[in-house]
Amino acid sequence: MNETPTEQHTDTRELLPVATAPRTRAAVRDLVRPYRGLAAGGFAVMIAATAVGLLVQPLLGRIVDLVADQRPAGDLTLPVVLLVLVALAHGGTTALGLSLVSRLGETVLAQLRERFVEKALRLPLEQVEKAGAGDLTARVTRDVSVVGDAVRSALPELARSLLAILLTLAAMAALDWRFLVAALLAVPIQASTARWYVRHAVPLYAQQRIATGAQQQQLLDTIAGAGTVRAFRIEEQHTARVTRRSSTAVELKMRGIRLVLDFYNRLHVAEYLGLTAVLVTGFFLVRADSVSIGTATAAALYFHSLFTPVNSALVLLDDAQSATASLARLVGVADEPTPEPARARGTAEPSRPGTEPDGTVTVIGIDHAYVPGQHVLQNVDLTLRAGERVALVGPSGAGKTTLAKLIAGVHRPTSGSVHLTGTGGRGNGLPVALVTQETHVFAGPLADDLRLARADATDDELRTALTDVEALDWVEALPDGLQTVVGDGGHRLTSAQVQQLALARLMLADPPVAVLDEATAEAGSTGARLLEKAAGRAVEGRTALVVAHRLTQAATADRIVVMEGGRIVESGTHDELRAGSGPYASLWETWSGTRTAR
């Protein structure tokens, strides 16, 4: 089945960056550096625990020699007691070492998560849109989970296994160097197996991550557009797309399983060869009276004890490769440079002190394109005087929302600049606040939701802000007032109530400039007048740009700016523009006629 243009676009998304292997290692070193003491202590305890555990095989060999020499039963008491003491010491030190290593891993992981979230929240919106929400969602969920699991289990176990391998080989050499040589016969097979596995696993796991992100993106797109999908009866097409992407992810997963099974088969060959070599070596050494039966037994037990750490270390390559792929994706985002504020970009010169009052916004030569070559705004110049309320009107697709977001700093202009005088916000420091028709209510007490705008606001200040937007009455009527839990799983709010909360947040943040992008559109005709009145109070005393979907909002503004095709085509007061013969007069005539007919 041929892919549709939508699917082709999904396949050519500009995914978020992935860090290189050297950069990933450097990032881990940077994260671990402040905790070098904890790392040294943890690994020192692990070395001690492994060394203590290696006393078991010589003690068992001693018991074999005592039995072979037909010594009295009482001679076995000391080795048995020592075995018990070794077991207790080994268990205690192992538990302590693993806890220290796990603590180190969890601390480093927490720092990485915080850095990732901080940078992810600061990513330019256009970059996230180009990558698709599925890519970022997969990193936040799947990749963080994989790295977390590796830190909690794979990292401590891998450290313990590697130490056990090195010290066990050293112990075998201490018994007789020929035992070490025999044991090393298995190393070429194990090394080649490891190289073969890594060579195939690294690209495979990278493909799995990309396929998972594409699968999640398709699911998000289909679910988000469920209404449109049903309306156009294209359920089967979208189901087929989800199925294809899911099948790709499953196929890659099955390839990974087959790879692991082949990996185990090769390891079993190495174990058989190595153990056979050690037993044959012990046989000849005992026959030549070079070592005792107990020593040969200890050597065989040493090699047999290597099965678990060697297999664990090699098997953990599976987790390590998967975690490394996920870690590179997290570091790729965490390493992204923090973008400079959109208003700082461009060629606009700062105003000289005293030339413009605080709250003046100057837009100079703005061009903007979401897709190269397809301009949404072209050569836009606009000045919002301090304290002025400007309404932005025009047909759909004129560029109103894009201009509003550029002024609010959500997007960076392709060229040109946005300059704002008096950048210090009066509430929480925000120079510009943006209120849209898509307002999110966070799960939790309503008071906490309002304090997102100003964390130190008192309950009286919250009530004042709610009073200004005429929301205090219904808030106090809630079961627990300001402490009523809202959002997911809490008290459901109407669209008008949600927008009143957004306007109350604006009052608490108290920025010098406010941008309202159809902030009253979701209220419907019933709550429109109430919200328009609340919005008017919210922008009193501050510079305001209002993207108006109702011309009644434009009629009460100090100035009206009309946009068409990404350009400003008219600017003036309501009476001036209505008296003319331009686009606004036509819009007003059409809108007024519709209202009269209704």
Side-chain angles (χ1 to χ4, degrees), residues 39 42-61 83 86-102 104-105 149-177 179-198 201 260-261 263-279 281-282 297-324:
F43 284 104
V45 174
M46 291 290 291
I47 291 173
T50 304
V52 170
L54 293 177
L55 297 175
V56 171
Q57 287 84 352
L59 289 173
L60 291 174
L83 279 174
V86 166
L88 294 175
H90 179 65
T93 52
T94 299
L96 177 60
L98 289 175
S99 66
L100 291 175
V101 174
S102 296
L104 172 67
D149 291 342
V151 166
R152 295 181 189 96
S153 57
L155 176 62
E157 184 61 30
L158 182 61
R160 189 161 70 98
S161 298
L162 293 176
L163 287 173
I165 293 169
L166 294 176
L167 294 179
T168 301
L169 291 175
M172 292 185 72
L175 293 177
D176 192 292
W177 63 270
F179 286 125
L180 176 61
V181 172
L184 292 179
L185 291 177
V187 172
I189 299 177
Q190 292 168 334
S192 63
T193 299
R195 286 196 300 269
W196 169 82
Y197 179 77
V198 170
V260 171
L261 292 177
F263 177 67
Y264 276 117
N265 290 334
R266 298 187 182 205
L267 289 184
H268 293 328
V269 173
E271 292 172 359
Y272 175 80
L273 177 63
L275 184 57
T276 301
V278 170
L279 290 174
T281 301
T297 301
L301 290 175
Y302 269 137
F303 187 82
H304 190 273
S305 70
L306 282 176
F307 286 5
T308 298
V310 168
N311 287 347
S312 295
L314 294 178
V315 169
L316 285 173
L317 285 174
D318 181 54
D319 294 334
Q321 294 305 318
S322 181
T324 299

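Excluded from the calculations below are hydrogen atoms, water molecules and symmetry mates; all remaining heavy atoms, backbone and side chain alike, are included. Please read all numbers here as calculations on a predicted model, not as lab measurements.
Rounding to the nearest 0.5 Å places OG1 of Thr297 at 12.5 Å from OH of Tyr302. The CG atom of Leu279 sits 9.5 Å away from the CZ atom of Phe179 when rounded to the nearest 0.5 Å. Annotation: the span from Leu185 atom CG to Thr276 atom OG1 amounts to 10.5 Å, rounded to 0.5 Å.
Looking at every heavy atom in both residues, Thr281 comes nearest to Ala182 through OG1-CB, 3.4 Å. For His90 against Val52, the heavy-atom pair with the smallest separation is N-CG1, 3.9 Å. Listed here is the closest heavy atom pair of Ala164 and Pro309: CB-CB, 4.0 Å. In terms of heavy atoms, Ala300 sits closest to Leu275 at O-CD1, 4.3 Å. Considering all non-hydrogen atoms of both residues, Leu104 and Ala39 come closest at CD2-CB, 3.6 Å. Across Ala186 and Gly274, no two heavy atoms sit closer than the pair CB-CA, 4.1 Å.
Side-chain atoms of Ser99 come within 3.5 Å of backbone N or O of Leu96 as a donor-acceptor pair. A donor-acceptor pair under 3.5 Å is formed between the side chain of Ser192 and the backbone N or O of Ile189.
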Quiz item: For Ile165 and Leu169, what are the C-alpha separation, side-chain angles and deciding distance, and is it a side chain to side chain contact (heavy atoms under 4.5 Å, CB included)?
Solution: CA-CA 6 Å; Ile165 293 169; Leu169 291 175; 4.1 Å; yes
Exercise. Run the numbers on Met172 and Val278 for side chain to side chain contact (heavy atoms under 4.5 Å, CB included), then give the verdict.
Key: CA-CA 10 Å; Met172 292 185 72; Val278 170; 4.2 Å; yes
